[in-house]
Visitor: 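The structure's right below; bear with me while I get my questions together.
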Protein chains: 2
Amino acid sequence: MSPTTEALILSRGRATPARVRVLDCLLRATSALTHGELEERLARDGTLDRVTLYRVLDWLVEQGLAHKISGEDRVWRFNAVGREEHGHAHFRCTRCGQVFCLDDLRPSFALALPPGYVFGSAELTIRGLCPACNTPRV
Amino acid sequence: MSPTTEALILSRGRATPARVRVLDCLLRATSALTHGELEERLARDGTLDRVTLYRVLDWLVEQGLAHKISGEDRVWRFNAVGREEHGHAHFRCTRCGQVFCLDDLRPSFALALPPGYVFGSAELTIRGLCPACNTPRV
DNA sequence: AGTCAACTTGCAACCGAGTTGCATGATAAA
DNA sequence: TTTATCATGCAACTCGGTTGCAAGTTGACT
Ligand SMILES: [Mn+2]
Ligand SMILES: [Mn+2]
Ligand SMILES: [Zn+2]
Ligand SMILES: [Zn+2]
C-alpha cells in the first residue's frame with residue numbers, strides 16, 4: 001500500500017500484492033508477529049492463502065527484509081528489518097507472550113568460551129514484563 | 001542403573017525404571033538430547049513408549065532434575081541439571097547442530113532496557129563451532 | 001504484439017514434534 | 001487388604017509448518 005513498502009520490495013524482486021500486504025503489516029506492527037497473527041490481520045482486507053503467506057515470509061527473510069525469531073512455543077515470529085542490522089536482542093513478555101525486538105540494545109557480554117569452541121554469533125533473549133503488562137494495579 | 005541416579009530421583013518421588021533410565025541417559029550425555037535421540041539410545045536396552053518418555057521428561061523438568069532448551073529447529077533438547085543452578089548460557093554448533101550447556105559460563109551483560117520493560121531473566125545462546133567440528137583439516 | 005521461461009499463487013495432501021483420553025498396571029498409604 | 005494415587009502404553013489427535021502440482025502472472029526477448 002504505502003509507496004515505501006512497495007519500493008522496498010521492488011529493490012529485491014517482484015512487488016506482488018501479497019508481498020506488499022505482508023511487509024506492510026509487519027512494518028506497522030509494534031511487536032514480532034506469528035504466522036497466525038498475520039493471517040488474522042491480513043484477512044481483514046481480502047483473502048490470502050496460508051501457504052502463500054508462509055512462502056512470502058520465507059522470501060522476505062531470504063531477502064533480508066524481515067527476520068524470524070524462534071521461541072519457546074515452537075512458533076516463528078516475524079519482524080520487518082529496519083535499515084540497520086540489529087544485534088538480535090529480544091524481549092519476551094512472560095505474561096502476554098509478545099516478543100519485541102530491542103533494536104538499539106547492543107548488549108556487551110564478557111564471555112570466555114571453553115577451549116575448542118569457536119565463537120560465531122550471540123543471541124540474547126530477555127524475559128520479563130512488557131510495558132503494557134507492567135501497568136500498576138489500579 | 002547407577003545408585004546416584006536412583007537416589008536423585010527418590011529425593012523427588014517414585015524412582016520408576018523409566019525415570020531412572022532416562023535420567024541416567026541424560027547424565028551420561030555430553031550434550032543436550034532431543035526426544036528422538038533419547039528414544040534411540042533407550043531403545044538399545046529395552047523398550048519405552050514415546051509418550052511415557054515425553055511424560056518422564058516433563059516430570060524431570062518439573063522436579064528440577066533436568067531442564068529443556070528450545071532451539072531453532074522447533075525441537076526441545078533436554079539436559080540433566082547438575083547441583084548448581086546454571087546461568088542458562090548455551091552453545092549451538094552451526095555445523096552438527098548439537099547444543100551444549102555452558103554451565104560455568106556466567107556471562108555478564110551490560111544492558112539498559114527501554115523504559116517500561118521489567119527485567120526477569122536473560123538467556124544467552126552462542127552460535128559457532130563445537131570442539132568436535134573445529135578439527136583442523138588434515 | 002507474441003512467445004516462452006521463470007516466477008508466484010492456491011489447493012490438497014502431507015509431515016513430525018508434541019499432546020490428550022482412556023484403560024490398565026504398579027505403588028503406597030490407610 | 002483395601003483403596004486412592006500415580007505411572008505406563010496405546011491410539012487418536014493437534015497444530016505449525018512443508019511439499020507436490022497445476023494454474024495464473026510477470027517480464028524479457030524476439
Ligand atoms: Mn529482532
Ligand atoms: Mn543448560
Ligand atoms: Zn506483555
Ligand atoms: Zn559440532
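Just so it is clear: chains get the letters A, B, ... in the order the sequence lines come, proteins before strands, and each one is counted from 1.
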Visitor: Applying salt bridge (Lys or Arg N to Asp or Glu O under 4.0 Å), can you list everything that pairs with Arg55(B), at least two apart in sequence or on another chain?
Guide: none

Visitor: Donor-acceptor pair, His35(A) side chain versus Arg50(A) backbone, under 3.5 Å?
Guide: yes

Visitor: Just the rounded figure in Å: distance from C1' of dG18(C) to CD of Glu39(B).
Guide: 12 Å

Visitor: Return the value, rounded to whole Å, for the distance between atom CG of Leu38(B) and atom P of dG18(C).
Guide: 11 Å

Visitor: To the nearest angstrom, how far is Glu37(A) atom CD from dG16(D) atom C1'?
Guide: 13 Å

Visitor: Just wondering, more than 12 heavy atoms not from Arg95(A) lying within 6.0 Å of its CZ?
Guide: no

Visitor: Separation of Asp58(B) atom CG from dT20(C) atom C1', in whole Å?
Guide: 13 Å

Visitor: Please state whether the rings of Tyr117(A) and Phe100(B) are parallel, tilted or perpendicular, taking 30° and 60° as the class boundaries.
Guide: perpendicular

Visitor: Specify the residue among Asp73(B) and Ala15(B) whose closest nucleotide of DNA chain C lies further upstream toward the 5′ end.
Guide: Asp73(B)

Visitor: Please give, in whole Å, the distance from dT8(C) P to Glu62(A) CD?
Guide: 9 Å

Visitor: Report, as a single string ordered 5' to 3', how protein heavy atoms within less than 4.0 Å touch nucleotides 6-15 of chain D: B base, S sugar-phosphate only, - not at all.
Guide: BSBBBB----

Visitor: Nearest-Å distance, CD (Glu72(A)) to P (dG16(D))?
Guide: 17 Å

Visitor: Report the residues that fulfil side chain to side chain contact (heavy atoms under 4.5 Å, CB included) with Val99(A), sequence neighbours left out, ordered by chain and then residue number.
Guide: Ala32(A), Ile69(A), Arg77(A), His90(A), Arg92(A)

Visitor: State whether Glu72(B) and Lys68(A) are salt-bridged, where the test is any N-O pair (Lys NZ or Arg NE/NH1/NH2 against Asp/Glu carboxylate O) under 4.0 Å.
Guide: no

